[in-house]
Structures are given as C-alpha cells and as structure tokens.
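First the structure, in the form of structure tokens, and then the observations on it.
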Number of protein chains: 2
Amino acid sequence: MTELLTRNILNHISLSKKELDNFCDLFNHKKVLKKSFLLHEGEICKFEGFVTKGLFRVFHVDQNGFEQVLYFAQENWWITDIDSFTNKQPSQLYIQALEDSEVLLISKKDKEFAYINIPKIEKLFRVMTQKTHIALQRRMIDNLSKTADQRYIDFIKKYPNLFQRLTNLQIAAYLGISHEFLSKIRRKIASK
Amino acid sequence: MTELLTRNILNHISLSKKELDNFCDLFNHKKVLKKSFLLHEGEICKFEGFVTKGLFRVFHVDQNGFEQVLYFAQENWWITDIDSFTNKQPSQLYIQALEDSEVLLISKKDKEFAYINIPKIEKLFRVMTQKTHIALQRRMIDNLSKTADQRYIDFIKKYPNLFQRLTNLQIAAYLGISHEFLSKIRRKIASK
DNA sequence: TTCATTTATTGAACTTGTTCAATGTTTTGA
DNA sequence: TCAAAACATTGAACAAGTTCAATAAATGAA
C-alpha cells in the first residue's frame, strides 16, 4: 500500500527501514471517487496527501466564477493547500478528483509528531517544499514572459502524460486562458 | 551587524544564543552599490543572502529583451535564486541592487555545514521556504484571476513602502504589464 | 547649475485574449 | 442503448493590454 510512498521519500532523502515504516504508519488510505472533493473553499485544510492512484486538480474560483488551476496531482505527487494547512486559515482552494483516485493522508498532528520524533522528516519536507517552490517559480516566470500559445506548447512537452488525461477545459484553466481561446490556439497549431 | 538577522531568525524558530552565534558567524557582510549585480544570468548562484540595508530586484530577461521581476527584497528579506542555488544550474535570473545596499551572505558549503551541525537550521529553512512558497502561491492565483488594475491596487495596499521606493518601470515589470499600460491605469485611478 | 540620462505620460494603431451564442461531438449513466 | 450532460469548436463583437513614437518631467553626475 505504501510502496509508492516509500519510493517517493527515498527519492528525496535517505531513511532507515524503521524510520520509513514509522513515518508511513502515520498515513491513512482513502479512496476518492471521480468528481468528489478532498477540500472545499472555506474549510481549513487538515491534511497533506500523497496520490497513489488517479488524478486531482487544485483550483481556485474567482469573483466572476471562473476557475484557475493551481496544479494537477497525479500518482506520486503530493497535494495539500499549504497556505491553509500551515496557517490554519480557511482555504481559498478546492481539491477535486478528476478520476477515481486513492490517496494516503497524514494529519497535521501526525506530521508534527513526525517532525519531532523522526528528525530527518524535517529535511524531507524542507527538500520537497524547495522543489515545489522551484517549480512554481519557473511557472511564474513563464506566465509573466510567455504568450498563451507558447505556454500551451510547453505544457504538452512538459506533461505529455497529463495532457492525455486532461480535458481542454482543465488545461485552459491551468494556462490562465478561456477554453474557447485554447481551442483557437489548437486550430492554429494543427494547421501548421 | 547581525542584529537584524538574529531577530529575523527568531521570528521563524527558537534557537539558543550559542546556536544563533554559530550560525550568524557563517555569514559575510557585503556592500552592494546601486545598479550593481549580485548575480548575472548564466552564473551559478553560490549564495543565499539576507538584506540588511537597501533594496534589490530579482528579475528575468525574456527572449524579446523584456524584464520580469520575480520579487523585490528590501531590509529583512532573503534573496537567492533557489533554483540555481539548489540544482547548481546556470541561473535564468539577475539580482541587482536598486539602492546602495548591504547584505549578509552565506555560501552553499557553509549552509550545508549548518544543516549538519545545527539541526534546527533544517527547520528554519523548511519554515522559511514554506512561507516564501505560500506567498508565491497567492501571487500565482492573483495573476491568474485578477486584472492588471486590481493587481496594481493590491500591490500598493500590500507593499505601501516598496511602492514608494520603486519606479513605475519596476512595478510594471512585477505586475507583468508594460509601463505604458501602468501609466494608463494610474491615470484612470487618479481620475476617480 | 547644467546637460544627459532615465522615467513617466499620452495617443493611435495593433495584437492578444474574452465573451457570448450557436452548433457539433463525445462521454456518461440509468 | 439512448438521452442528457459535459466537452469542443467556431465566428463575431468586444475588452485588455502592447507597441511605437513623440513629448514632458524628474533625476543624476560633472
């Protein structure tokens, strides 16, 4: 059940078998049906999750009812609203399964327990947060400097596998454009 | 010399006097004149810095020669290119002083020394990276969901002090719009 | 102080992306 | 299997933001 998780962790830091087991025991397995939510706007996010199966989207709904996708999380990815989780504030985000999915969840309390009792876990999350931050920093630069066409082409190249599992609606919400405009971009690219 | 730094650290985690001193001793003080660079694109970023005086901008130059500001760092802020620093890759960024400034710099080697010899430092950077990431996540959502007018108004409200120290050119490069358009936004707002 | 440089403003033409409404296509679930 | 729902495409009118060029204002260095 926690095979994928242990491999993911060992990819970031090294940990003894015992430390690994102790840490993995803190997670609870949960099935999440397609379209159902792990988190709603306004709730306080009380978990950090590791996706073992399926696909999620983490998104925001703005004043005009438009959705923006902060990120997608498929197998082997982590999900949470780090803002709400860390600051115990109502979330601005929704987390929803786009396919029938499964996650391993750790509560805030158990995570804090791990920080204290398995010192290397501190490093694990330091390293993971760094990587997540670097990815977001790159995306920020791209969003500031590139045109929607280019961002779409980059997206396909970077996440060929996500591209196949997502609708254009979801991709447009990630790129920050309307799905109609994405459709026009696709036509333009196809006609080349 | 390291007063501001120690206060900043204690704001994130608690540390004994000795731990603090040992850590702070790893930093070197440096003066940076207005307009000069701490980091150029293509270089590998070998430091993490804490600003004790002045103001920096961290920016990217795109294919068309336009500049996008990733963030500004004034007194009490940290600066680095975490991507280049962590992955030892050539930086895509420039870091430049916008005023005569002073920083405390720690090298990669000394930072790693600290991780090993002062365990709490692991937590310090875990917490700091989390906060930075949360801030960037909020900005990403704003950039995806808000109009340039609103982002400008938000910027002034959130960073009144930076607003006064920056030219409209720099603010436009942060908001991701041309400075001409910012000028038009300002006129529109002023006329209300 | 003065002159050169940088910064800010403005208008006109243009490009990128949105909105809305209509139509066609695919997926889903009873 | 078939109707309903969700998704995708298209065009036309519109809005947001850019580009370019000209001018004015502010700043800085000698």
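Any value given below was found using the heavy atoms of this structure, including those in side chains, with hydrogens, waters and symmetry copies removed. Here is how names work: the chains are called A, B, and so on, in the same order as the sequence lines, proteins then strands, and each is numbered from 1.
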Could you give the [atom1]-to-[atom2] distance, from [X] to [N], as a whole number of Å?
X      : N      : atom1 : atom2 : value
B:E99  : D:dT27 : CD    : P     : 14 Å
A:D149 : C:dG17 : CG    : C1'   : 10 Å
A:L182 : C:dT19 : CG    : C1'   : 16 Å
A:I185 : C:dT18 : CD1   : C1'   : 12 Å
A:L175 : C:dT18 : CG    : P     : 10 Å
B:F66  : D:dG17 : CZ    : C1'   : 12 Å
A:L144 : D:dT18 : CG    : P     : 11 Å
A:K146 : C:dG17 : NZ    : P     : 14 Å

Any chance you could measure B:L105, atom CG, to B:I79, atom CD1, to the nearest 0.5 Å? 7.5 Å
Using 4.0 Å as the upper bound for N to carboxylate O, is an ion pair formed by [Y] and [X]?
X      : Y      : result
B:R138 : A:D83  : yes
B:E122 : A:K123 : no
A:K146 : A:D142 : yes

Determine the sole option in B:K53, B:R165, B:R7 for which the salt bridge (charged side-chain N to carboxylate O under 4.0 Å, His left out) test with B:E75 is passed. B:R165
Answer yes or no for [X] and [Y]: cation-pi contact, defined as NZ/CZ to six-membered ring centre under 6.0 Å and angle to ring axis within 45°.
X      : Y      : value
B:K108 : B:F85  : yes
A:K120 : A:Y115 : no
B:R57  : B:Y94  : no
B:K18  : B:F23  : no
B:R151 : B:Y174 : no

Treat primed atoms plus P, OP1 and OP2 as sugar-phosphate and everything else as base, then score nucleotides 22-30 of chain C 5' to 3': B for base contact with protein heavy atoms under 4.0 Å, S for sugar-phosphate contact only, - for none. ------S--
Any chance you could list the contact pattern along nucleotides 10-16 of chain D? Use B for base contacts, S for sugar-phosphate-only contacts and - for none, protein heavy atoms under 4.0 Å, 5' to 3'. BBB----
Has B:F155 got more than 12 heavy atoms of other residues, nucleotides or ligands less than 6.0 Å from its CZ?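 Yes.
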Residues of residues 150-173 of chain A with a heavy atom under 4.0 Å from any atom of DNA chain C, listed by number, are none
Would you say C:dA8 has OP1 or OP2 under 4.0 Å from some side-chain N or O of B:R186? no
